[in-house]
Protein chains: 4
Amino acid sequence: MGTPHSPRSDTRARIIEVSLELFSEQGYEQTSLREIADRLGVTKAALYYHFKTKDDIVLGIVERMAAPIDETIEWGRQQSWSPGMRDELIRRFADGMAERAPLLRFFHENQPALRDSPAGLAFRNRMVTMIQLVHGPEADFRERLRATMALFTVHSAMFLLKQDTSGCGHGDSVWGEPLQAATLAEAIGAAREVALEIGGRISHPAPAHS
Amino acid sequence: MGTPHSPRSDTRARIIEVSLELFSEQGYEQTSLREIADRLGVTKAALYYHFKTKDDIVLGIVERMAAPIDETIEWGRQQSWSPGMRDELIRRFADGMAERAPLLRFFHENQPALRDSPAGLAFRNRMVTMIQLVHGPEADFRERLRATMALFTVHSAMFLLKQDTSGCGHGDSVWGEPLQAATLAEAIGAAREVALEIGGRISHPAPAHS
Amino acid sequence: MGTPHSPRSDTRARIIEVSLELFSEQGYEQTSLREIADRLGVTKAALYYHFKTKDDIVLGIVERMAAPIDETIEWGRQQSWSPGMRDELIRRFADGMAERAPLLRFFHENQPALRDSPAGLAFRNRMVTMIQLVHGPEADFRERLRATMALFTVHSAMFLLKQDTSGCGHGDSVWGEPLQAATLAEAIGAAREVALEIGGRISHPAPAHS
Amino acid sequence: MGTPHSPRSDTRARIIEVSLELFSEQGYEQTSLREIADRLGVTKAALYYHFKTKDDIVLGIVERMAAPIDETIEWGRQQSWSPGMRDELIRRFADGMAERAPLLRFFHENQPALRDSPAGLAFRNRMVTMIQLVHGPEADFRERLRATMALFTVHSAMFLLKQDTSGCGHGDSVWGEPLQAATLAEAIGAAREVALEIGGRISHPAPAHS
DNA sequence: CATGAATGAGTCTTCATTCAT
DNA sequence: GATGAATGAAGACTCATTCAT
């Protein structure tokens, strides 16, 4: 009851962990509760002790992982828009996502499955808000699009990295040798910079040609 | 009634049409063959007359829709890389995708479901090839990432537009009034330009004649 | 119309041929009309031009293959029972079946599928009649059983031969080297002799120990 | 009602029981899981709780029923071949099968359906081993055939008895009155003796001490 | 905390069969 | 003689979920 982080049961935590893993590897629909339970060495019924619903697990995932986004959003809300604030926003987002890359990937790749679920909404709303904060008020379509691209860059980095892994043997990986050492961390670093460049052209609210 | 004996059943084509529609609206896994069949006014078995497998329908979709990508790839292969060629490549891709926006969206949002399927491979391979053509040989991670983002911009434009549509009443659409008139066509136009800007900074690490 | 063996269409014959082949290889239920049609290079619908029903094909098989049994039965009906007649009956049966071994095997291994079908009945009745002719009137259970075994010996020879073939690599074939040369024909020859021995103890109607 | 909290659900056992019943009555392919479930008063899904697969049910059947064969095989392996041992082997097999007659019949009549299934293999391997033990080493084709026939006699007895039962009214049962009293037990008794006679002529090609 | 047993709805798929052409 | 298109019934199997214990 009382103490916030009492070790009450780490099962709940492990469920979230394993679920995120499987969900991002195989997709939400492709991952069955049996699979999750098996990998945890418990029964399906046990999952239902901790979560009311499959979707509820996703909600759990979001709650545990979305904290940095929320902080960034909170910070963003207290600033007024300026190019510098925009850059800082992107920077914070990219850094916050560094350790949560799989989460981003998971939500991007499972939109249809989560479209109507509370968890899906919860996440999409956060992304939409972030995008709005980045492009600021009264932005036109181009600028909104740039903001979107800037934020999605982190996710796309994942896409690129995956090519290397999943290009199982049939040649033509995106990387030849130059990339042998690109760890996920390095990739995210690079993604941050590219994201800044992409977002960088959003000049607002006073356009240059006024 | 029109033509007496129907021009030899366009059912196959209609299946592809309707399937793409449903697949992109609800996702691949979330769309059952019954649903497709019902909307077409035929039986599930009829689908199996025309396609060996649910996945085979997706393959059909790809085949009918990917022609412009293939042409662009073909063109790209015959050029040698240069900034101008890169821009032209992006331009052609964006234009080709203009009428096929749902296809892009469909594949992006259903990666997990299609990961191991022939159809999924077929499409991902095309995308990977396009990306490689855009960034050209010997590009580093940042440049590859830019290339990726440039091409994905078209898809992200879809994401933005959808917010407007699917934000069914519960607030927080990305667009308030300013976007009331942004037709899909206009959006793609804008996406093309943004894509060009994003791709634009790829400047090859000074070739021999620097 | 007229001439008995006019070459009207050898398709019918080929259907029977191929069907028997597939039916005995894989079983009746496990063989679909599509499979038969494919192997013949025609459409399923074509099969329905020649046969009213899947079961009707089996009937066709029986009709074309059961002639020798019918002749043997006919002959048997005109004799009165004696040990010599019994032996001759077995001999004729075994010889007649020599070229139709697959047929026997097919019916034996597909009894459940054909239990209630006309074709199944047609064949089982023939076998029952043969058995009755072999053991003669007023035989007791033991003698009937012997008669049955004598006739089934031909089929069991098939079982043995198959072991050799289908024991795909996991060792322990029924035959080591001594059997390398046992062709189907030789096997049937041997089966005939064993069948005679097995049937041979049926001494009837005047038992020796009376 | 009887025992308060049921002895922990004998459902698994009942599934096996009912399945064997239906499988032998109608054949493996002709029996649907719905049928089994219905007769048990449970849902199809319940079957899948206890067995991974339809085929797995057959495996369950084999495991529960094949114990006596395994014991006989075990015993046979520890003897060295002699006519007496051979007779004892056949005797034990026949006795062991007395209560499991339907099992034998089931496997014989469903070979095609089970040919490639684990359950089918499991059973066929046992039979092949038994046959080898009966005819001993260095037997020729005739002797192997005799061994086979000896063991199959038990099954053939079933065939005969069935004629009586399933010849439902449309004439030609193998038995008229003389068999009214032949219970299954008696039949197996007779089969045992016939099997012994049939196996009896296997006389090994004069070993060293001839 | 967790399990064992079971459910009901739904999935994809296959098949024998029909019929207009 | 044969095909192309379609059907209706059924099949095996999977899944999220529930509940008594």
Side-chain angles (χ1 to χ4, degrees), chain A residues 8-12 15 28-37 40-57, chain B residues 4-6 8-12 15 29-37 40-57, chain C residues 8-12 15 28-37 40-57, chain D residues 4-6 8-12 15 29-37 40-57:
Chain A
R8 268 179 293 164
S9 131
D10 71 331
T11 303
R12 210 191 123 93
I15 292 175
Y28 177 77
E29 295 282 341
Q30 284 72 30
T31 305
S32 72
L33 294 187
R34 181 165 65 57
E35 227 168 333
I36 298 176
L40 280 166
V42 298
T43 8
K44 267 185 300 174
L47 303 185
Y48 279 89
Y49 181 81
H50 295 281
F51 297 91
K52 269 215 307 268
T53 239
K54 189 184 182 187
D55 209 278
D56 203 36
I57 298 184
Chain B
H5 54 70
S6 65
R8 194 203 297 136
S9 173
D10 54 328
T11 307
R12 205 192 130 97
I15 293 175
E29 297 280 344
Q30 283 72 31
T31 306
S32 72
L33 295 186
R34 183 172 56 64
E35 226 168 337
I36 299 176
L40 280 165
V42 298
T43 13
K44 268 185 295 171
L47 306 185
Y48 279 93
Y49 177 76
H50 295 282
F51 298 92
K52 273 210 302 275
T53 248
K54 190 185 181 186
D55 208 277
D56 202 36
I57 299 184
Chain C
R8 271 179 293 164
S9 131
D10 70 330
T11 303
R12 208 190 124 95
I15 293 175
Y28 176 77
E29 295 282 341
Q30 283 73 31
T31 305
S32 72
L33 294 187
R34 183 166 63 59
E35 227 168 335
I36 298 176
L40 280 166
V42 297
T43 9
K44 268 187 298 174
L47 303 184
Y48 279 88
Y49 180 81
H50 295 281
F51 297 91
K52 270 216 305 268
T53 240
K54 190 185 183 186
D55 209 277
D56 203 35
I57 299 185
Chain D
H5 54 70
S6 66
R8 195 207 291 141
S9 173
D10 55 329
T11 308
R12 206 192 128 95
I15 293 175
E29 296 281 344
Q30 282 73 32
T31 305
S32 73
L33 294 186
R34 183 173 55 64
E35 227 169 334
I36 299 176
L40 280 166
V42 298
T43 16
K44 267 185 297 172
L47 305 185
Y48 280 93
Y49 177 76
H50 295 281
F51 297 91
K52 273 210 302 275
T53 249
K54 191 185 181 187
D55 208 277
D56 202 36
I57 299 184

In whole angstroms, the gap separating P of F:dG11 from CD1 of D:I36 amounts to 11 Å
By side chain to side chain contact (heavy atoms under 4.5 Å, CB included), D:S32 pairs with (sequence neighbours left out) D:R34, D:E35
How many angstroms lie between CG in A:L33 and OG1 in A:T43, if you round to the nearest 0.5 Å? 12.0 Å
Walk me through whether C:I15 and C:V42 qualify under side chain to side chain contact (heavy atoms under 4.5 Å, CB included). CA-CA 10 Å; C:I15 293 175; C:V42 297; 6.0 Å; no
Quickly work out the D:D56 CG to F:dC13 C1' distance and round it to whole Å. 13 Å
Interatomic spacing from NE2 in D:H50 to CD1 in D:I57 - rounded to 0.5 Å: 10.5 Å
On the nucleotide E:dC1, are OP1 or OP2 found under 4.0 Å from the side-chain N or O atoms that A:T11 carries? no
Rounded to whole Å, how long is the line connecting atom CZ of B:F51 with atom C1' of F:dA5? 14 Å
CD1 of A:I57 versus C1' of F:dC15: gap in Å, rounded? 13 Å
Evaluate the criterion side chain to side chain contact (heavy atoms under 4.5 Å, CB included) for residue pair A:Y28 and A:K54; output intermediate values, then yes/no. CA-CA 9 Å; A:Y28 177 77; A:K54 189 184 182 187; 3.5 Å; yes
Expressed as a whole number of angstroms, how long is the span from D:H50:NE2 to E:dT3:P? 17 Å
Pairing annotation in dot-bracket form, given for DNA chain F with Watson-Crick or G-U pairs under 3.5 Å and | for cross-strand partners: .||||||||||||||||||||
Roughly, in whole Å, what's the span from CG in B:L40 to P in F:dT7? 10 Å
From CA spacing to verdict: side chain to side chain contact (heavy atoms under 4.5 Å, CB included), D:L40, D:T11: CA-CA 9 Å; D:L40 280 166; D:T11 308; 5.5 Å; no
Measure the spacing between CZ of D:F51 and CD1 of D:I36 and express it to the nearest 0.5 Å. 9.5 Å
With the sugar-phosphate defined as primed atoms, P, OP1 and OP2, and the base as all remaining atoms, what B/S/- string results for nucleotides 8-13 of chain E, 5' to 3', for protein heavy atoms under 4.0 Å? B-BSBB
Could you tell me how far apart C:Y49 (OH) and E:dC19 (C1') are, to the nearest whole angstrom? 15 Å
Assign each of D:V42 and A:V42 to its nearest nucleotide of DNA chain E by heavy atoms, then name whichever residue's nucleotide is nearer the 5' end. A:V42
